[in-house]
Amino acid sequence: MSDTENITQTVHAGFAAKLDAVLTALEHDGVLPADAPRKGVTVEPPRDPSHGDLATNAAMVLAKQAKTNPRELAGKIIEKLSADDAVESAEIAGPGFINLRLGASVWLGELHAIAAMGEAYGQSTMGAGRRVNVEYVSANPTGPMHMGHCRGAVVGDALSSLLEFSGHKVTREYYINDAGGQVDVLARSAHLRYLEALGEDIGDIPEGLYPGDYLKPVGAALAKLHGDAFKDASEEDWLDTFRTDAVAQMMELIKSDLHLLGISHDLFSSEAVLHAKGKPAKAEAWLREHDLVYDGVLEAPKGKAPPEDWEPVELPLFRSTKFGDDQDRPIKKSDGKWTYFGADLAYHMQKAENADELIDIWGADHAGTVKRIKAAVSALSEGQGKAIPFDVKLVQMVQLMRDGEPVKMSKRSGNFITIADMVEELGADVAQNIIRFTMLTRKPEAQMEFDFAKVVEASKDNPVFYVQYAHARIQSTLRKAAAEGFAPSDAHLDQLGEEELELVKQAAQFPRLVEAAASAREPHRIAFYLYDLAGAFHAYWNLGNDRPDKRFIVAQSPDLTGARLFLALQLGQTIANGLRILGVEAVQEM
RNA sequence: GCGCCCGUAGCUCAGUUGGAUAGAGCAUCAGAUUCCUAAUCUGGGGGCCACAGGUUCGAAUCCUGUCGGGCGCACCA
């Protein structure tokens, strides 16, 4: 096992270590001053492959410290680097880049590594088992999931997988906002549907209640459960029960919607339970102890005209300005109840109990509250004397388009496109793949358009099929080869030529790319990488159109065929591993 | 008025945490199918990286400002 690890390390991270050793040697030689800072020195594949396999900027970064010019220093570095067997050539380019070309054996070794590691290829220990809590979706439990929730759900889920793949211990958490006014509205809306189920004519749904038909089954279920016990009862008699029951059913609905996208959380945390356990009060006590909460008066809202009913009131305020917020924030309302922020603050303290690191995935419409919650976690870190890294990833809005026109969605009118609708429209078997890949082929912090026309009939132009097709082609080739009596074999890998090695080199980027994507918390990089890798594969495949000697199966050359099939197998494995992170199926045929 | 995000080809978007001549798909033009899946491939045209300064060996990337688009600016959730 450690052998294969060393092999994968060798190609990228491994060369960084080698360069480091060379620089240290140059320090001993007096070329570089002792302990010269090496910040900014990188070893990475150059953008333009014709420059070589790896490039380093070391000479340019360190020339000043060495009191020489970059190209001269580069010469000295190369002198030492060339001693390495794996280095086929090393040359100075441009202003002082050092371009390295590695021997074929290095890349063939990588192919062995993929084979040896299989599904684990690309995994890393970067996370060192750190416990990361990723909270995502957390949609209000008042209705089904709609397309507006989709992006955060997919990004959060893929990010979780990515972090797991990179050696973190991830908890996928959903915060159920079941304590605010909106769930009372839900309970009242459900009561109306309950009356309807009992045969009453309820007419139009009154303004301020949720009008959606999805509450009809809830009303029916409540009627079945309670009979007419609450038919003429006053609201205080049924509100608690109906709220609990309705929320429970909404959560079932939401879970099944999420399941359609292949998403399931490890932990559902209830705001109501948080309150029942007295967590906000404990948080307040702790914060007051640390002089982070005080009783004070809020300033009137600036900018636009202040609300007419605004008046100064003394409230318990959290000192979020101390941690970069624009204003201190109330944790309780004037009626003594907790604000949403007060509860959320306690909730983050709760999450931090069982995690080393917190990540929240929020919609852009919550951007305004990022500073205060970051302040809260900073305060917690400071108070506890241990840093709790905390990141809020804002996922920008998705503009749904149909026939070139924006689709308007309004929850209040009940006019919105649900995930379930979308899945039905796309087809249950492919919807998860299409939606996930589409959402992941752009960076989350930029607004995106989701065009139904393009995505629905996308069987041609959708990138997800392009990548899946590459995988399917590989599988079909392996099947066909098996039928003709050929099997993948690493016995004659030396027969692989330049074009094949190029494919290996691209696949070999995968571990490095996974780490980069994980540390940047950017799962979309995986999607783009897979697209490129698939493109390289398709291009290679088509060489076989004009040149039968470039096909995977060359009947008269069994050794070469075995080697090519081995290559195909490992490419397929790499694509499958990437798709697994994204939660997209690696299909066997199309 | 303030805060956050964004501005890259006609359109949709990448750009490896600051690297070399700025990339892909769609669209457009010209080609490839007696061949393991053409859901594929090859090539052409198309750019003031919104604009102006700054930082340095080097900027689409970092800083400041301007313009443009989005989201938000209760004791709501």
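Atom P of B:rC5 sits at a distance of 38 Å from the matching atom of B:rU42, rounded to the whole Å. Rounded to the nearest Å, the gap between the P atom of B:rC26 and that of B:rG43 is 14 Å. Straight-line distance between the P atoms of B:rU66 and B:rC2: roughly 9 Å, to the nearest whole Å. Look at the P atom in both B:rU16 and B:rA24: the space between them is 16 Å, to the nearest Å. Between B:rG3 and B:rU8, the distance separating the two C1' atoms is 26 Å to the nearest Å. B:rC63 sits 38 Å from B:rA27 when the C1' atoms are compared, rounded to a whole Å. Comparing the P positions of B:rU17 and B:rG31 gives an interatomic distance of 42 Å, to the nearest angstrom. B:rC11 and B:rG19: their P atoms are spaced 27 Å apart (whole Å).
A salt bridge is defined here as a Lys NZ or Arg NE, NH1 or NH2 lying under 4.0 Å from an Asp or Glu carboxylate O, and A:Glu522 with A:Arg525 meets this definition. The pair A:Arg329-A:Asp344 does not count as a salt bridge, with every side-chain nitrogen at least 4.0 angstrom from each carboxylate oxygen. Ionic pairing of A:Lys393 and A:Glu445 is not present here: no N-O contact between side-chain nitrogen and carboxylate oxygen is shorter than 4.0 angstrom. Using a cutoff of 4.0 Å between basic side-chain nitrogens and carboxylate oxygens, A:Glu110 and A:Lys505 are not scored as salt-bridged. Under a 4.0 Å N-O distance rule, the pair A:Glu585/A:Arg436 does not qualify as a salt bridge. The pair A:Glu499-A:Arg564 does not meet the salt-bridge criterion, since no charged nitrogen lies less than 4.0 angstrom from a carboxylate oxygen.
Atom CG in A:Asp184 sits roughly 14 Å away from atom P in B:rC76 (whole-Å rounding). If you measure from atom CG of A:Asp328 to atom C1' of B:rA74, you get 16 Å, rounded to the nearest angstrom. Spacing between atom CZ of A:Arg442 and atom C1' of B:rA24 amounts to 12 Å, rounded to whole angstrom units. Atom P of nucleotide B:rC36 and atom CD1 of A:Ile474 are separated by 17 Å, given to the nearest angstrom. Distance A:Phe318 CZ to B:rA74 P: 19 Å, rounded to the nearest Å. Atom CD1 of A:Ile98 and atom P of B:rA20 are 17 Å apart (whole Å). In this structure, A:Asn69 atom CG and B:rU56 atom C1' are separated by 17 Å, rounded to whole Å. We find that OH of A:Tyr347 is positioned 17 Å from P of B:rA77, with the value rounded to whole Å.
Contact check for A:Gln468 versus A:Asn433: side-chain heavy atoms found under the 4.5 Å cut-off. In this structure, the side chains of A:Leu159 and A:Tyr136 stay at 4.5 Å or more apart for every pair of heavy atoms.
Scanning atom types as modelled, no donor and acceptor separated by under 3.5 angstrom connect the side chain of A:Ser476 and the base of B:rC36.
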Should A:Gln506 and A:Tyr529 be marked as a side chain to side chain donor-acceptor pair (under 3.5 Å) after you check the CA-CA gap, both sets of side-chain angles, and the distance that decides it?
CA-CA 9 Å; A:Gln506 208 155 339; A:Tyr529 166 77; over 6 Å; no
What verdict does the ring pair (Phe, Tyr, Trp, His ring centres under 6.0 Å) test give for A:Phe537 and A:His471, after you've listed the backbone C-alpha separation in whole Å, the side-chain angles of each residue and the deciding distance to 0.1 Å?
CA-CA 9 Å; A:Phe537 170 78; A:His471 186 265; 9.9 Å; no
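Nearest heavy atoms, A:Ala527 versus A:Leu440: CB-O, 3.5 Å. Annotation for A:Leu62 and A:Leu23: closest pair CD1-CD2, 3.8 Å, computed over non-hydrogen atoms.
Contacts of A:Ala55 with the nucleic acid, taken as non-hydrogen atoms under 4.0 Å apart, include base atoms. Heavy atoms of A:Arg512 sit under 4.0 angstrom from at least one base atom. Among the heavy atoms of the strands lying under 4.0 Å from A:Ala520 is at least one base atom, whether or not backbone atoms are also near. Here A:Gly181 lies in heavy-atom contact (under 4.0 Å) with sugar-phosphate atoms only. A:Asn99 comes within 4.0 angstrom of a base, heavy atoms only. At the heavy-atom level, A:Pro46 lies under 4.0 Å from base atoms of the strands shown. Among the protein residues, A:Asp48 comes within range of no part of the nucleic acid, since none of its heavy atoms lies under 4.0 Å from any strand. Contacts of A:Thr339 with the nucleic acid, taken as non-hydrogen atoms under 4.0 Å apart, involve only primed sugar atoms and P, OP1 or OP2. Using a 4.0 Å heavy-atom distance criterion, A:Ala472 is classed as a base contact. Counting non-hydrogen atoms under 4.0 angstrom, A:Glu589 reaches a base of the nucleic acid. Base engagement by A:Ala93 is indicated by at least one non-hydrogen atom pair under 4.0 Å involving a base atom.
With sequence neighbours left out, the ring pair (Phe, Tyr, Trp, His ring centres under 6.0 Å) criterion links A:Phe390 to A:His348.
Of all the residues in residues 546-556 of chain A, A:Arg551, A:Phe552, A:Ile553 reach under 4.0 Å from RNA chain B with at least one non-hydrogen atom. Taking a 4.0 Å limit (strictly below) on heavy-atom distances, residues 526-541 of chain A reaches RNA chain B at A:Phe528, A:Tyr531, A:His538, A:Ala539, A:Trp541.
Close placement of the A:Tyr347 and A:Tyr175 rings is indicated, their centers lying within 6.0 Å of each other.
The A:Lys480 side chain lies nearest to B:rC36 when the options are B:rG19, B:rC36, B:rC76. Taking every side-chain heavy atom of A:Val61 into account, B:rG19 is the closest of B:rU40, B:rC36, B:rG19.
Where A:Thr369 and A:Lys64 meet RNA chain B, the nucleotide closest to each residue was compared, and A:Lys64 sits on the side nearer the 5' end. In terms of position along RNA chain B, the nucleotide closest to A:Thr441 lies nearer the 5' end than the nucleotide closest to the other residue of the pair A:His51 and A:Thr441.
A donor-acceptor pair is defined here as one N or O able to donate and one able to accept, closer than 3.5 Å; such a pair exists between the side chain of A:Asp53 and the backbone of A:Leu102.
Taking the centre and axis of the six-membered ring of A:Phe318, the NZ or CZ atom of A:Arg372 falls outside the cone set by 45° and 6.0 Å.
Side-chain atoms of A:Glu173 and A:Ser269 form a donor-acceptor pair, as typed in the model, at a separation below 3.5 Å. Using modelled atom types and a 3.5 Å distance limit, the side chains of A:Asp48 and A:Ser50 yield a donor-acceptor pair.
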Pairs: protein N or O with nucleotides 4-8 of chain B N or O, under 3.5 Å:
| from | atom 1 | to | atom 2 | distance (Å) |
| --- | --- | --- | --- | --- |
| B:rC5 | O2' | A:Gln396 | NE2 | 3.4 |
| B:rC5 | O2' | A:Glu445 | O | 2.3 |

Identify the pairs formed between an N or O of the protein and an N or O of nucleotides 58-66 of chain B at a distance under 3.5 Å, and give each distance.
| from | atom 1 | to | atom 2 | distance (Å) |
| --- | --- | --- | --- | --- |
| B:rA60 | N6 | A:Arg47 | NH2 | 3.1 |

5'-to-3' dot-bracket of RNA chain B (Watson-Crick, G-U; under 3.5 angstrom; crossing pairs as [ ]; | other strand)
(((((((..((((.....[...)))).(((((.......))))).....(((((..]....))))))))))))....
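Stacking between A:His366 and B:rG72 is absent: the aromatic ring centre is not both under 5.5 angstrom from the base six-membered ring centre and within 30 degrees in plane angle.
With a glycosidic angle further than 90° from 0, B:rU34 counts as anti.
By the 30° and 60° cut-offs, the orientation of the rings of A:His524 relative to A:Phe528 is perpendicular.
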